[in-house]
Amino acid sequence: MDYNFLEIEKKWQAWWAANKTFKAEADGSKPKYYVLDMFPYPSGAGLHVGHPLGYIASDIFSRYKRLKGFNVLHPMGYDAFGLPAEQYAIQTGQHPEKTTHQNVARYREQLDRIGFSYDWDREFRTSDPDYYKWTQWAFLKMFGCWYDNDIQKARPIEVLEAAFAEGGSAAVNAACGEHAPFTAEEWKSFTDKEKADILMQYRIAYQGESTVNWCPALGTVLANDEVKDGYSERGGHPVFQKKMVQWQLRVSAYAGRLLDGLDRLDWTDSLKEMQRNWIGRSQGAEMVFKVVNGDRQYDMTIFTTRADTVFGVTFMVLAPESEWVEKLTTAAQRAEVDAYLAAVKKKTERERIAGKAVTGVFSGSYAINPLTGDKVPVWIAEYVLAGYGTGAIMAVPAHDSRDYAFARKFNLPVIPLIEGADVSEESFDAKEGRMINSGFLNGLDVKEAIPAAIDYVEAHGIGHRKVNYRIRDAIFSRQRYWGEPFPIYYKDGIATPVPFDRLPVTLPEIDEYKPTESGEPPLARAKDWNYEGYPFEKSTMPGFAGSSAYYLRYMDPHNDEALVSPEADKYWRNVDLYIGGTEHATGHLIYSRFWNKFLYDLGYVCEDEPFRKLINQGMIQGRSNFVYRIVGTNTFVSAGLKDGYETTEIHVDINIVRNDRLDLEAFKAWRPEYADAEFILENGEYICGWAVEKMSKSMYNVVNPDRVCDTYGADTLRLYEMFLGPLEQSKPWDTKGIDGVNRFLRKVWRLFWDRDKWLVTDEAPTADELKALHKLIGKEQEDIENFSFNTTVSAFMIALNDLQGCSKRAVLEPLLILLSPFAPHIAEELWHQLGHEDSITYASFPEYHPEYTVENTVKYPVAFNGKTRFLVDLPASMAPAEIEGAVRAHENTQKYLGDMTIAKVIVVPGRMVNVVLKK
RNA sequence: GCCCGGAUGGCGGAAUUGGUAGACGCGCUGGACUCAAAAUCCAGUGUCCCUUAAAGACGUGCGGGUUCGAUUCCCGCUCUGGGCACCA
């Protein structure tokens with residue numbers, strides 16, 4: 001019998017599906033283990049060989065954990081809402097549902113060929129109404145809650161209303177927007193609309209005005225993580241800053257908990273660091289400056305981390321979008337300020353970042369330094385951001401490089417505050433040195449001066465300590481069609497939730513997927529779409545909405561009563577191992593943690609963090625091939641000879657190149673213009689050049705997993721993807737090495753079959769065979785637990801070299817079990833050929849006996865002053881003193897000694913012997 | 001600019017965390033089998049010196065240091081991948 005992988009793989013994939021081999025059910029008698037992949041967005045291009053890398057790793061781990069006796073939950077589904085399907089719909093008029101369906105079908109087909117051990121009974125799409133019902137449900141819960149800063153927890157809005165009725169706005173310490181304070185009596189006298197507007201400032205899902213990333217080309221707002229270098233992540237269109245009213249999630253309320261929670265997670269340091277930077281905690285103080293515009297005076301609050309530098313404030317700066325701009329622009333400066341604001345508004349986000357030009361305008365007003373009483377001008381400049389702190393700063397040019405650049409440009413004074421700091425050329429930003437020119441702070445070190453300044457400010461009622469976070473509330477509405485509709489309708493202008501029992505609010509049919517002529521979102525086209533006559537919210541939710549709690553839904557995917565039942569939640573708890581790319585570091589992985597913490601506050605889930613351990617698989621890059629055409633001809637010169645000619649480098653389809661050798665006939669057939677191509681060969685072959693690039697259609701370097709499965713089989717694909725290198729590292733796909741792992745599997749097969757002769761015997765294994773086997777068991781166990789899959793594959797190959805010709809059942813059975821997580825099809829086939837009726841999935845991981853692997857003798861390298869001279873073969877059991885004696889007595893020792901004497905001998909048992917010489 | 005990470009043969013990558021650097025695989029060279037090819041098997045394969053071998057020297061991006069001993073630890077660079085980027 002031959003190793004017919006095509007037949008074997010088809011057979012067992014069908015068998016696993018029919019027998020529901022990987023069905024997971026809550027089972028209190030076994031420990032649970034939840035392995036999750038970041039579910040894919042099913043794009044039209046299908047999977048390339050890079051996509052399954054993480055899936056293969058998680059599948060190996062799942063199968064390994066099953067062998068180790070765990071009840072493994074390993075589900076898969078699709079993140080099905082999103083822009084590409086909608087853009088395609090706009091162009092073709094096809095319903096996004098339809099293209100999504102087709103893409104999902106193709107993904108499923110490709111995934112099935114690789115032999116994953118998913119429990120497909122738990123599959124869902126985020127665009128299924130049965131699923132997004134629970135996305136809407138969670139949104140309504142957030143709408144119905146506020147965040148209590150005192151107990152650091154989300155609470156029902158009714159509690160807040162009661163508190164307002166009891167003690168007015170001063171009764172609570174909440175994460176909220178701005179509004180005028182009110183008493184209990186005032187609260188009771190408010191109209192419904194007034195109350196609704198106030199409560200909206202407190203809700204965790206709220207509607208509020210803020211500066212947002214507006215992308216005109218996509219016709220929608222975008223979250224910060226969806227903007228890269230000033231362009232939209234999807235499509236690369238320019239993005240502008242704009243003030244708009246949008247639905248938002250009060251993620252910022254959870255900033256502290258999101259930060260602290262990181263310490264308890266088993267994630268890579270780099271990923272945690274990314275989240276820490278994104279959350280951006282900074283400790284400082286808020287201070288009040290009196291500002292004067294003519295005869296009007298106001299209190300303006302600013303945030304600073306350097307309260308110690310207040311004696312060096314020589315001007316103040318407002319963000320162009322700040323509400324203070326209006327109040328502080330004097331009549332004389334009005335025209336100039338308006339011109340500046342107009343110019344800023346026209347700039348794209350990209351231009352604002354890239355230019356880094358120092359621009360600004362004087363408002364005409366002045367501020368009074370609360371410590372010195374000095375009068376300093378108030379400027380408006382785009383380098384101050386509206387969204388951070390209070391949108392206004394005190395400028396200390398001597399000790400802040402941005403303020404310094406501004407002061408130089410507009411000729412504002414610079415007052416040095418630190419002894420010895422030379423600020424004639426640049427600012428001195430470091431937090432070190434002794435204070436000068438700073439009144440009561442003089443003589444203190446900066447590190448002492450900061451708290452001393454804040455203490456003073458607090459004592460004199462000028463300000464107070466404050467922690468600020470960079471993380472913003474998440475903009476939660478998109479002016480698009482293909483997303484979850486909001487379960488919100490408008491009654492008398494008040495945003496009102498749809499009752500739970502009327503969920504889901506499903507997407508209506510519309511004639512076109514574009515915004516309306518008047519610029520309303522596509523959902524405004526829907527006819528008769530309302531709640532009992534009241535209009536629905538016309539925006540839809542963003543992409544991250546559906547992916548924020550999907551790991552919870554997998555625990556109980558068919559439950560119509562709850563997102564997840566308390567029983568299922570208590571059993572599966574949270575994800576033990578999550579594998580996916582780093583690109584979600586500041587998006588999905590933050591939102592999910594926020595979402596989970598919110599549900600935790602309300603008692604719907606029992607774990608505070610969703611993903612216990614997280615691994616980021618690296619990218620698989622393409623390996624492109626090139627041919628070199630001599631300029632002006634149709635003659636192609638082989639890579640080794642190209643330097644002798646003037647050539648153009650042309651990407652060539654890697655499918656007609658094998659081991660960098662071009663298939664000349666296939667090349668001529670590839671494109672009509674190459675039909676009569678001529679070649680200059682080296683050694684009779686055309687050698688192509690190569691380079692590592694991103695895998696993409698335009699570079700003709702895309703490797704399709706289906707093709708690999710056709711020519712080598714899924715088991716080879718799985719093994720090879722792991723063998724390529726460390727999981728977390730990016731690496732190029734190089735088809736060259738794949739023959740090696742394929743050869744390995746065929747060798748495994750040949751331990752069972754010599755053509756048609758069945759080789760397996762019941763003989764007892766030898767000591768050497770047991771040694772090879774147990775070395776492998778030990779290695780595999782250790783490597784898999786450390787996610788070092790590439791070295792495990794090497795260990796298989798080493799074991800096979802050691803076990804040449806060993807066809808003993810007692811060795812082959814455990815070997816198949818060990819192999820089954822990596823190459824499940826061949827393992828399952830041979831397992832059944834050995835007479836087993838049940839799947840190898842239910843076998844137990846072989847027990848490791850290290851005693852079989854112990855060596856009888858050790859080759860000790862003998863080094864003289866660290867330089868190795870010879871090896872001595874000594875019994876492993878020999879004591880260090882005996883080893884020393886044996887080495888001293890060895891003839892070679894005497895030979896190398898010369899006129900030197902032995903100072904001392906260092907013996908590392910089992911490792912080496914070092915002889916230290918002296919004259 | 002700031003914060004992480006990486007650099008090892010012709011190539012992908014190992015190295016038990018301070019103990020024979022280059023495991024394993026690819027590629028290449030030679031051989032066996034074959035009419036021949038494929039497949040398979042065996043041997044060799046870091047560099048230099050050399051007819052060959054023995055022996056030796058050099059060798060983990062560069063320059064120093066600690067140590068009997070450094071790919072591994074410390075100091076100073078170079079190159080490179082990634083993340084953040086006016087966050088006061």
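Sequence lines set the chain letters: A, B, ... in the order given, protein chains first and strands last, and positions in each chain run from 1.
- Side-chain polar atoms of A:Ser252 and A:Asp473 form a donor-acceptor pair below 3.5 angstrom.
- More than 12 heavy atoms of other residues, nucleotides or ligands sit less than 6.0 Å from atom CD of A:Glu583.
- In the set B:C42, B:C84, B:A88, the nucleotide with an atom closest to the side chain of A:Asp400 is B:A88.
- Across the interface with RNA chain B, nearest-nucleotide mapping of A:Thr390 and A:Ile798 shows A:Ile798 to be the residue nearer the 5′ end.
- In this structure, of B:A88, B:G13, B:C24, it is B:A88 that holds the atom nearest to the side chain of A:Phe303.
- Between the P atom of B:A39 and the CG atom of A:Leu745 lies a distance of 17 Å, rounded to the nearest Å.
- A donor-acceptor contact shorter than 3.5 Å is absent between the side chain of A:Thr314 and the backbone of A:Leu412.
- Within 4.0 Å (heavy atoms only), A:Gln804 reaches sugar-phosphate atoms of the nucleic acid but no base atom.
- Of the candidates B:G25, B:A88, B:C86, the closest approach to any side-chain atom of A:Glu382 belongs to B:C86.
- Counting only N and O atoms by type, the side chains of A:Asn616 and A:Thr582 include no donor and acceptor under 3.5 Å apart.
- For A:Lys736 and B:G10, the NZ to P distance is 14 Å, given to the nearest whole Å.
- Considering only the side chain of A:Glu273, B:C3 comes nearest among B:C3, B:A88, B:A39.
- For A:Leu385, counting side-chain heavy atoms from C-beta on, the closest listed nucleotide (B:A14, B:C86, B:C24) is B:C86.
- Base orientation at B:G6 is anti, since its O4'-C1' glycosidic dihedral falls outside 90° of 0.
- OP1 or OP2 of B:C26 sits under 4.0 Å from a side-chain N or O of A:Arg743.
- Side-chain nitrogen and oxygen atoms of A:Ser794 include none within less than 4.0 Å of the OP1 or OP2 phosphate oxygen of B:G13.
- A donor-acceptor contact closer than 3.5 angstrom is absent between the side chains of A:Glu286 and A:Thr301.
- Atom NZ of A:Lys272 is separated from atom P of B:G83 by 21 Å (rounded to the nearest Å).
- Spacing between atom CZ of A:Arg746 and atom P of B:A39 amounts to 8 Å, rounded to whole angstrom units.
- Across the interface with RNA chain B, nearest-nucleotide mapping of A:Leu724 and A:Lys747 shows A:Leu724 to be the residue nearer the 5′ end.
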